[in-house]
Chemist: 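Structure in C-alpha cells, see below.
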Amino acid sequence: MNNNNSLMADLLLPDIDKLPQFYEELYPARNLPEGARVTRIAPSPTGYLHLGTLFAALVNRITATSTGGIFYTRIEDTDKKREIEGGIEDIIDGLNRFGISIDEGFVSGTEESGKYGPYQQSRRAEIYQTYVKELIRQGLAYPCFCTAEELEQVRNEQEAQKLRTGYYGKWAKHRDISYTEAKAFIDEGKPFVIRLKSPGSEENKIVFEDAVKGKIEMPENDEDFVLLKSDGIPTYHFAHAIDDHLMHTTHVLRGDEWISSVPKHIQLFKILGFKPPKYGHISPIMKLDNGAKRKISKRKDPEAAVHFFAEQGYDSECVINYLMTVAASDFEDWRRANPDASYKEFKFNLKKMSVSGALFDENKLTDVSKNMVSKLKSDEVYAKLTDWAKEFDKEFYDILIKNPDYTKAVLAIDRDVPKPRKDIARWNEAKDYFAYLFDELYIPCYELPENIQKADAISFLEEYKNVYSPDDDRQAWFDRIKEIAPKIGFAAETKQYKASPEEFKGHAGDLSTVLRIAVTGRRNTPDLCSIMQVLGKDECINRINAAIKSI
RNA sequence: GGCCCGGUGGUCAAGAGGCCUAAGACACCGCCCUUUCACGGCGGUAACACGAGUUCGAAUCUCGUCCGGGUCACCA
C-alpha cells in the first residue's frame, strides 16, 4: 500500500525531487522576542487597492508594530485568469502612500525583501508540490479526474436530494482511485487535480478561539477539497497553509468571509504537522444601500477603491485615522488624550474590534479630517494642497504655484494662530473655499442681506474706502467700521442695537457684512481683516469701487 | 436551503447580573460667546429587535422567533 502511494506520488508529480524537510531547513524559525507577532497581508492582484484591503493591512500592521513583530506582504497570484496588469504595483504603492510600512515581502511594486521568499505564490509552485507529493505518499491526497461537467452533475444531484453540496464521502468519486486507474487516465492525457483525502467528519465539532470574534464552533471539514489545480498551482487554502507555516506567520488577520474556511485550514495544518496560526477575522466595512446594509463593494461603490480618497483629496493620514476609529472602539478616547501623537503609538488590542460590520461614515471621516487639517501649519497645507492639485486639478495647481508666497499667505489666514479654523476636510474643497483670493477664480456677487439698503451700503463703502489702512490690527480694523456706523444711522455696538433696534438701521456687524460682500463676494469667510491684508490695499479698493458701481 | 457570525439612538460605540434613571463621539437641533463663518462653552431630541425562561434582580445568561451579514468553486 505504502509502495503504491509512492508510485502514485511519482506518477503525479514526477519532477519533484525534494522533500519537505528541505524547505523546513531553508526557512528556519524567526528570531523574534517573546510575544512578537508576525502578520501579513496577502492581496491578490485582481483589482486596485480597496478599502477593505487597506483596512486589513492597517490592522495587521498595527498588530505587528505594537508587539515588536513583523508585517509582510505576500502576493497571492494563483489565479492567473483574474489577474490585472499593474495590480501588484497599485496595491503595494497604495499601502505605502497611506503610510503602511512594510517590513518584508513586496516592499514596492517590483522590489522584494526578506529571507522567506519568494513572496509571490506563482513562483512557489515547486514548494507546494513538494508538500503535496509527501501527502500523496502518505495516502492523504489523491488525484481526481472529474470534469467540470461531472462535478456539476453531482452538485445537481445533491441539490435534488436536498443534501449538502460538495466533494465528500460517497460523492468523492476518485477518493479510492488505484494506481492503475490513475495511470490509465494519465496515459489518456486526462487533466487532474490533487485533492485532500479528508479524514474529517461532519459529526465532529471543532472549536477555535478567534482573536476578534471569540469562541467559534463548527463542524469538522469532510470535503476532499482541491489542493493543487490542474495547472499545478495550489488553491488558496493549500497555499495559505504552506506559506504561513514557512513564513512563520503567528497571526492571520483577514476578512471574515474566510471564517467558514477555517475548518479546512485547521485540518490542513494538522495533517501537515504544522502549528496553526492564531486566526482573527475582521468584520467588513459596510455601506447603506437603499436602506440595506451590505459589504462595501469594489464594483458598485466608488469609495471602495482607495483612489477615490486620493482624488477627493482626503489626506492619507486622515483616512488612516478614520479607519483606526473603526478598528478600535477606544481609539477616539485615546486620540482626545493624545491629540498630537501618531496613531502608531496607540496600544491596539484585537479584542476591541467590532464583531459586526461598521457602516462607512463619511461624516466621521470629514470630522476626523477637519480636525487634522486644522492642525497643519500653512507650509504643510501648501505642500499637501499643491501635491494634490498637481495630480488632480492642473488649473488650480498653476494658480497656486504662480506666487507661492502669496498662496502661503492665503493659507495662513486663520490657520497659523492659536485656535485655527476647522475649515476644509479634503483638498478638492479648497478651490471653492479660497476662490475669491485668486483673481482667476474670483467671481463677484453682490447680494446684500435683506435688512440692508443699497444706498446705505454704498455710502458706507464710499466712506470706508477713504479710511482703510492695511496696517490696522483686527481691533483697529473694526474700530474704523464702528466710527462710520453712527454717521449713516447704524449702531456702533451690537448691544446698543439689540437694546433698541428701532433707533438704528442696523449695527456695525451688518456693515462688516457689506464690506465682506464687496471684497469677497460672500457672506461667510474667515477673518476679513486678514483677508484684506493678504489681498493688498489696491486690490481691496478696486473691489470696493467695483462694488459701489454694481450694488 | 445547510453551516457560521451578529442585532444598544440616524451612524460608530461603552457595557462582563445590581454601579443603567444606559457613557462618549459624529450628525442634527437650540442657546451663549462673537464683526461674519468657524472655534469654544452649555443644553436638547434619540437606543437595549421581539417573546419566553433562569434569577430577589437581565442590555448582560439560556431557548425560540424575527431581521441583517458571511459562506457553500480547479476565486481569493
Side-chain angles (χ1 to χ4, degrees), chain A residues 42-46 76-79 81-82 121 144 146-148 151-152 155 159 162-167 191-195 202 210 213-214 216-219 223 225-231 233-237 239-240 254-263 281 283-284 286 288 292-295 322 325-326 328-333 335-336 352 354-368 370 374 414 417-423 449 474-475 477-479 481-482 485 493-494 507-513 515-517 520 522-529:
Chain A
S44 68
T46 53
E76 312 230 318
D77 55 347
T78 53
D79 187 1
K81 294 185 291 289
R82 297 200 309 151
Q121 293 179 334
C144 166
C146 289
T147 60
L151 260 15
E152 166 105 41
R155 199 184 354 265
E159 269 165 17
K162 296 209 189 305
L163 292 171
R164 185 162 53 93
T165 57
Y167 199 92
F192 62 91
V193 300
I194 309 284
R195 288 181 183 273
E202 250 260 300
D210 190 278
K213 306 233 182 209
I216 296 178
E217 192 176 298
M218 276 188 196
E223 279 185 56
F225 60 93
V226 174
L227 266 20
L228 232 46
K229 300 186 254 184
S230 56
D231 58 3
I233 298 295
T235 56
Y236 169 86
H237 303 118
H240 152 56
R254 77 251 273 200
D256 72 357
E257 68 270 21
W258 287 109
I259 231 168
S260 54
S261 310
V262 171
H281 293 274
S283 310
M286 320 275 280
L288 214 51
K293 227 177 166 187
R294 54 148 239 259
K295 191 172 159 180
Y322 166 67
T325 69
V326 178
S329 56
D330 49 344
F331 181 76
E332 281 188 86
D333 289 337
R335 175 48 82 207
R336 257 190 297 285
K352 288 279 183 182
S354 168
V355 218
S356 49
L359 236 36
F360 177 77
D361 187 347
E362 202 169 343
N363 278 331
K364 199 83 179 186
L365 208 211
T366 298
D367 181 63
V368 169
K370 280 190 176 174
S374 77
D414 276 1
V417 294
K419 280 190 172 182
R421 291 170 70 83
K422 293 184 182 172
D423 43 20
R474 272 160 98 133
Q475 190 54 53
W477 173 88
F478 192 53
D479 284 344
I481 297 172
K482 287 208 257 190
E493 303 295 338
T494 313
H507 57 83
D510 292 325
L511 295 176
S512 76
T513 300
L515 219 209
R516 188 182 308 273
I517 290 170
T520 69
R522 301 193 179 191
R523 307 257 290 255
N524 306 334
T525 71
D527 176 52
L528 226 206
C529 173

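Naming: A, B, ... by sequence-line order, numbering from 1 per chain.
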Chemist: Which of parallel (below 30°), tilted (30 to 60°) and perpendicular (above 60°) describes A:Trp258 and A:Tyr236?
Modeler: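 Geometry flag for A:Tyr236 against A:Trp258: parallel rings.
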Chemist: At under 4.0 Å between heavy atoms, what does A:Asp510 touch on the DNA or RNA strands: base, sugar-phosphate, or nothing?
Modeler: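 Nothing: the residue A:Asp510, judged by heavy atoms under 4.0 Å, touches no strand.
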Chemist: The side chain of A:Ile216 lies closest to which of these nucleotides: B:A13, B:C75, B:C5?
Modeler: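 Of all the options, the side chain of A:Ile216 is nearest to B:C5.
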Chemist: Would you indicate what A:Arg254 reaches in the nucleic acid, counting non-hydrogen atoms under 4.0 angstrom: base, sugar-phosphate, or nothing?
Modeler: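 Contact class for A:Arg254: none.
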Chemist: Would you indicate which nucleotide in B:A27, B:A76, B:U71 comes nearest to any side-chain atom of A:Asp367?
Modeler: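 Side chain of A:Asp367 sits closest to B:A27.
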Chemist: Whole angstroms only, please: what is the CG-C1' distance between A:Leu359 and B:G10?
Modeler: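 Spelled out: CG on A:Leu359 to C1' on B:G10 is 10 Å.
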Chemist: I need the CG-P distance between A:Asp333 and B:C26, as an integer number of Å.
Modeler: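 It works out to 11 Å between those atoms.
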Chemist: If you look at every strand shown and take non-hydrogen atoms under 4.0 Å, does A:Ser354 touch a base, only sugar-phosphate, or nothing?
Modeler: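 Contact class for A:Ser354: sugar-phosphate only.
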Chemist: Considering only the P atoms, how many Å lie between B:A58 and B:G18, rounded to the nearest integer?
Modeler: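 B:A58 and B:G18 have their P atoms separated by 11 Å.
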Chemist: OP1 or OP2 of B:C74 versus the side-chain N and O atoms of A:Arg195: is any pair under 4.0 Å?
Modeler: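 Result: yes.
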Chemist: Please confirm whether any donor atom in the side chain of A:Lys364 sits under 3.5 Å from an acceptor in the base of B:A27, or the reverse.
Modeler: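 Per atom types, no contact qualifies.
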Chemist: Look at all strands and tell whether A:Ser356 reaches a base, only sugar-phosphate, or nothing, counting heavy atoms closer than 4.0 Å.
Modeler: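 Counting heavy atoms under 4.0 Å across all strands, the contact made by A:Ser356 is with sugar-phosphate only.
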Chemist: Taking any heavy-atom pair under 4.0 Å as a contact, classify A:Ala508: base, sugar-phosphate, or nothing.
Modeler: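 The answer is nothing, as A:Ala508 stays clear of every strand by at least 4.0 Å.
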Chemist: When we call it a touch if two heavy atoms are under 4.0 Å apart, what does A:Arg82 touch: a base, just sugar-phosphate, or nothing?
Modeler: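 The answer is base, as A:Arg82 lies within the cut-off (heavy atoms under 4.0 Å) of a base atom.
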Chemist: Is any side-chain N or O of A:Thr165 under 3.5 Å from a base N or O of B:C72, one able to act as donor and the other as acceptor?
Modeler: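 There is none.
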Chemist: Between B:C12, B:U36, B:C75, which nucleotide gets closest to the side-chain atoms of A:Ala358?
Modeler: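 Side chain of A:Ala358 sits closest to B:C12.
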Chemist: Check every atom of B:A13, B:G70, B:C74 against the side chain of A:Ser329 and return the nucleotide holding the closest atom.
Modeler: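 Nearest to the side chain of A:Ser329 among the choices is B:A13.
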Chemist: Which nucleotide sits closest to the side chain of A:Arg421: B:C37, B:C74, B:U35?
Modeler: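 Selected nucleotide: B:C37.
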Chemist: Please tell me which of the listed nucleotides, B:C75, B:C5, B:U35, lies nearest to the side chain of A:Thr494?
Modeler: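 Nearest listed nucleotide: B:U35.
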Chemist: Looking at every strand, decide which applies to A:Arg336 at a 4.0 Å heavy-atom threshold: base, sugar-phosphate, or nothing.
Modeler: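 The answer is sugar-phosphate, as A:Arg336 gets under 4.0 Å only of primed atoms, P, OP1 or OP2.
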Chemist: Take the protein atom CG of A:Leu511 and the nucleotide atom P of B:U36, then report the distance between them rounded to whole Å.
Modeler: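 Taking CG of A:Leu511 and P of B:U36, I get 12 Å after rounding.
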Chemist: A:Asp333 vs A:Arg336, test: salt bridge (Lys or Arg N to Asp or Glu O under 4.0 Å). Steps then yes/no.
Modeler: CA-CA 5 Å; A:Asp333 289 337; A:Arg336 257 190 297 285; 3.0 Å; yes
Chemist: Under 4.0 Å, counting only non-hydrogen atoms across every strand here, what does A:Ser44 touch: a base, just sugar-phosphate, or nothing?
Modeler: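 Sugar-phosphate, no base atom in range.
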Chemist: Write down the distance separating the P atoms in B:C4 and B:A22, rounded off to the nearest Å.
Modeler: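 One P to the other, the span is 37 Å.
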Chemist: Output the rounded distance in Å from CE (A:Met286) to C1' (B:U11).
Modeler: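 Atom-to-atom, A:Met286 to B:U11, this comes out as 13 Å.
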Chemist: Given the P atoms of B:U11 and B:U54, what is the spacing between them in whole Å?
Modeler: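 Going atom to atom, P in each nucleotide, I get 34 Å.
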Chemist: Expressed as a whole number of angstroms, how long is the span from A:Lys213:NZ to B:G69:C1'?
Modeler: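 That distance rounds to 9 Å.
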Chemist: Please measure how far the P atom in B:C48 lies from the corresponding atom in B:U60, and state the result in whole Å.
Modeler: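 The answer is 12 Å between these two P atoms.
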Chemist: Is the closest side-chain heavy-atom distance between A:Thr513 and A:Ile517 below 4.5 Å?
Modeler: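 The answer is yes; the side chains approach within 4.5 Å.
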Chemist: Can you tell me, in whole Å, how much space there is between the P of B:C61 and that of B:C5?
Modeler: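 It comes out at 14 Å once rounded to the nearest Å.
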Chemist: Roughly how many Å is it from OH in A:Tyr236 to P in B:A76, rounded to a whole number?
Modeler: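 Result: 10 Å.
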Chemist: For the P atoms, the ones on B:U62 and on B:G24, what distance do you get once it is rounded to whole angstrom?
Modeler: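 My reading of the P atoms in B:U62 and B:G24 gives 29 Å.
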Chemist: Identify whether any heavy atom of A:Thr78 sits under 4.0 Å from a base atom; if not, whether one sits that close to sugar-phosphate; answer base, sugar-phosphate or nothing.
Modeler: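 Since only primed, P, OP1 and OP2 atoms lie under 4.0 Å of A:Thr78, the category is sugar-phosphate.
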Chemist: Rounded off to whole Å, could you give me the CE-to-P distance for the A:Met218 and B:C5 pair?
Modeler: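 Answer to the nearest Å: 7 Å.
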Chemist: Heavy-atom nearest nucleotide on RNA chain B for A:Val326 versus A:Ser230: which residue maps closer to 5'?
Modeler: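 Here A:Val326 is the residue nearer the 5' end.
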Chemist: Heavy atoms from C-beta onward define the side chain here; which of B:G6, B:C74, B:U71 lies closest to that of A:Val193?
Modeler: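 The closest nucleotide is B:C74.
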Chemist: Which of these nucleotides, B:C75, B:C39, B:A73, is closest to any side-chain atom of A:Lys422?
Modeler: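 Minimum distance to the A:Lys422 side chain belongs to B:C39.
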Chemist: From the list B:G70, B:C74, B:A27, which nucleotide is the closest neighbour of the side chain of A:Glu257?
Modeler: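 Ranking B:G70, B:C74, B:A27 by closest atom to the A:Glu257 side chain puts B:G70 first.
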Chemist: Please state whether the phosphate of B:C74, meaning OP1 or OP2, lies under 4.0 angstrom from any side-chain nitrogen or oxygen of A:Lys81.
Modeler: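 Negative; the distance criterion is not met.
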Chemist: Would you please confirm or rule out a distance under 4.0 Å between OP1 or OP2 of B:G6 and any side-chain N or O of A:Lys295?
Modeler: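 Checking B:G6 against A:Lys295, no side-chain N or O comes under 4.0 Å of OP1 or OP2.
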Chemist: Is there a donor and acceptor pair, one atom on the side chain of A:Arg516 and one on the base of B:U36, closer than 3.5 Å?
Modeler: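 It does, because a donor-acceptor pair links the side chain of A:Arg516 to the base of B:U36 below 3.5 Å.
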Chemist: Nearest to the side chain of A:Asn524 - B:C37, B:C74, B:A76?
Modeler: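 The answer is B:C37, which lies nearest to the side chain.
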Chemist: Describe the nucleic acid contact of A:Arg335 in one word from base, sugar-phosphate, nothing, applying a heavy-atom distance below 4.0 Å.
Modeler: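 Nothing, no heavy atom under 4.0 Å.
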Chemist: Just N and O in the side chain of A:Ser283: are any of them under 4.0 Å from OP1 or OP2 of B:G70?
Modeler: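 The answer is no; no side-chain N or O of A:Ser283 sits under 4.0 Å from OP1 or OP2.
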Chemist: Just checking A:Glu159: base, sugar-phosphate only, or nothing, at a heavy-atom cut-off of under 4.0 Å?
Modeler: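 Nothing: the residue A:Glu159, judged by heavy atoms under 4.0 Å, touches no strand.
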Chemist: Pick the closest RNA chain B nucleotide for A:Gly166 and for A:Phe360 by heavy atoms, then say which residue is nearer the 5' end.
Modeler: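 Nearer the 5' end of the strand: A:Phe360.
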